[in-house]
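Below is one structure; the comments refer to it alone.
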Amino acid sequence: DGEKMSASKGNAIAPHEYGAETTRLFLLSAAHPSQDFEWTVKDVGDVYDFQQRLYRMVTELDGLETRTERRTHDAYLDREIDRTITAVAAEYDRFRFHRVVSEIQGFARLLRRYRSYAPPHEETYRRGLRALTQFVAPLAPYLGEELWNLLDTDGLVVESTWPEPARPVADYQLERALVETTLDDVRDITEVVDIDDPDSIDIVVAEAWKYRAYEHVRTADPGDAVVASGLDIDAVAEHDERAAEYLGDLAGRAGALEPTLDAERELAVLEEAAWLFEDEFGATVTVRRAAPDDALAAKAEPSKPAIHID
């Protein structure tokens, strides 16, 4: 079913125009094992432009306004650096180079967004650029060495030690999914309610006892009396009828319950990610834990915070 490359059909690759580095990166990004290979000059041009953006990100660093004091959103970037280190290493180990390129592109977009949101924290941003350079170097070695040199880093990038996460990130996929699904939920609400310019976004994570109840039901054996045994957990039992009702609801969908972050980590991840909501929607964003008498408490579940938008 292959189609002969032809300039008239727009599917010809021009290595002499873009160079071997761009062509190699394009081939690795476009080669999906489960999909047909599509050859287009436009896609090669997009890869070339992406390399140019990476180069500008590094060359513009010297004249960039930065700061030394840390803010909450710096913690989000630090954590995403750790998450991306782990994800890229896993994809390289599996030889899934198209996913490596996807991770690199997503991380580069985040770095540019972080830089535009506010003057970046210098140490955190430099760490991100160094990691980005190490991610791309195996695929685009000449670009990698040039960026490494511009960052005034010792030695050659090819001889450097692969970056290590500053903190364990075993749950990085859960953390990413939480942020993305919450962003999607806010987008859906603003679209359905037709709110073009929200003033405030209130993100309310579930009460801590709900995480205990959720995990109890999720990990129970089929046929277990999860409502009765769940009410034996002190942190759950003290909520009486609300706890029994919630356990019953969980029991009805026990087979569909997915792993979640714990109560403290979910709150921390969304607090660190609040700037993404502020940046996209231009609203004041509050992230908080639901209180028992909170009107939104009943709607908030693990991995599914309640959201109120004005």
Side-chain angles (χ1 to χ4, degrees), residues 1-64 77 80-81 83-85 87-92 94-117 120 125-126 128-151 153 156-158 160 163 176 180 183 187 276 279-280:
D1 296 331
E3 185 179 55
K4 184 178 179 180
M5 287 194 299
S6 167
S8 64
K9 295 179 180 179
N11 64 354
I13 303 300
H16 65 279
E17 180 179 355
Y18 291 107
E21 188 100 334
T22 298
T23 304
R24 182 193 309 111
L25 187 56
F26 164 71
L27 291 173
L28 293 171
S29 66
H32 295 231
S34 60
Q35 297 180 12
D36 291 337
F37 199 106
E38 296 185 6
W39 304 74
T40 69
V41 172
K42 178 186 179 301
D43 288 341
V44 180
D46 289 343
V47 171
Y48 176 81
D49 291 342
F50 173 64
Q51 290 177 290
Q52 295 304 304
R53 286 194 294 274
L54 296 185
Y55 184 79
R56 287 194 297 272
M57 287 171 66
V58 174
T59 57
E60 292 169 356
L61 180 58
D62 284 342
L64 189 65
L77 180 59
E80 190 57 31
I81 293 171
R83 287 189 282 252
T84 309
I85 288 170
V88 170
E91 300 302 352
Y92 269 129
R94 295 179 175 89
F95 301 101
R96 296 193 293 206
F97 300 118
H98 63 292
R99 293 194 180 182
V100 171
V101 175
S102 180
E103 285 284 348
I104 292 171
Q105 291 173 332
F107 184 61
R109 284 193 297 270
L110 178 67
L111 283 176
R112 293 197 301 272
R113 187 174 179 183
Y114 170 81
R115 181 189 63 188
S116 300
Y117 177 72
Y125 189 57
R126 278 187 175 274
L129 289 176
R130 285 196 300 270
L132 180 62
T133 299
Q134 291 177 285
F135 298 158
V136 78
L139 306 180
Y142 294 103
L143 175 64
E145 293 298 349
E146 179 68 14
L147 299 182
W148 197 248
N149 180 62
L150 289 169
L151 288 168
T153 310
L156 300 174
V157 67
V158 71
S160 65
R176 282 180 168 179
E180 286 303 319
L183 278 166
R187 293 180 189 120
L276 295 174
D279 185 54
E280 179 171 343

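All values reported here derive from a predicted model rather than from experimental measurement.
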### Task
For D279, check side-chain contact (heavy atoms from CB on, under 4.5 Å) against everything at least two apart and list the hits.
R113, Y117
### Query
Sequence neighbours excluded, which residues qualify as side chain to side chain donor-acceptor pair (under 3.5 Å) partners of R112?
none
### Task
Return the set of residues passing side chain to side chain donor-acceptor pair (under 3.5 Å) with D46 (not counting sequence neighbours), or none when no residue passes.
K42
### Summary
In short, T22 meets Q51 closest at the heavy-atom pair OG1-OE1, 2.5 Å
### Shortest non-hydrogen contact from L64 toward P120
CD2-CG, 3.6 Å
Please list, one pair per line, the donor and acceptor atoms closer than 3.5 Å that link side chains of residues 96-108 to other protein atoms, with sequence neighbours excluded.
from, atom 1, to, atom 2, distance (Å)
R96, NE, E91, OE1, 2.8
R96, NH2, E91, OE1, 3.2
E103, OE1, R176, NH1, 3.2
E103, OE1, R176, NH2, 3.1
E103, OE2, R176, NH1, 2.9

Please list every donor-acceptor pair under 3.5 Å in which a side-chain atom of residues 131-147 meets a protein atom from a residue at least two apart or in another chain.
from, atom 1, to, atom 2, distance (Å)
T133, OG1, L129, O, 2.9
Q134, NE2, S160, OG, 3.0
Q134, NE2, T161, O, 2.9
E145, OE1, V157, N, 3.0
E145, OE2, V157, N, 3.4
E145, OE2, V158, N, 3.1

#### Entry: Contacts of type ring pair (Phe, Tyr, Trp, His ring centres under 6.0 Å), residue Y114, not counting sequence neighbours
H73
### Query
ring pair (Phe, Tyr, Trp, His ring centres under 6.0 Å) with Y48: which residues, sequence neighbours excluded?
Y18
Show me the side-chain donor-acceptor pairs of residues 54-63 shorter than 3.5 Å, one per line, residues at least two apart or across chains.
from, atom 1, to, atom 2, distance (Å)
T59, OG1, Y55, O, 3.1
T59, OG1, R56, O, 3.3
E60, OE1, R115, NH1, 3.3

#### Entry: Pairs satisfying salt bridge (charged side-chain N to carboxylate O under 4.0 Å, His left out), at least one member in residues 18-27, at least two apart
E21-R24
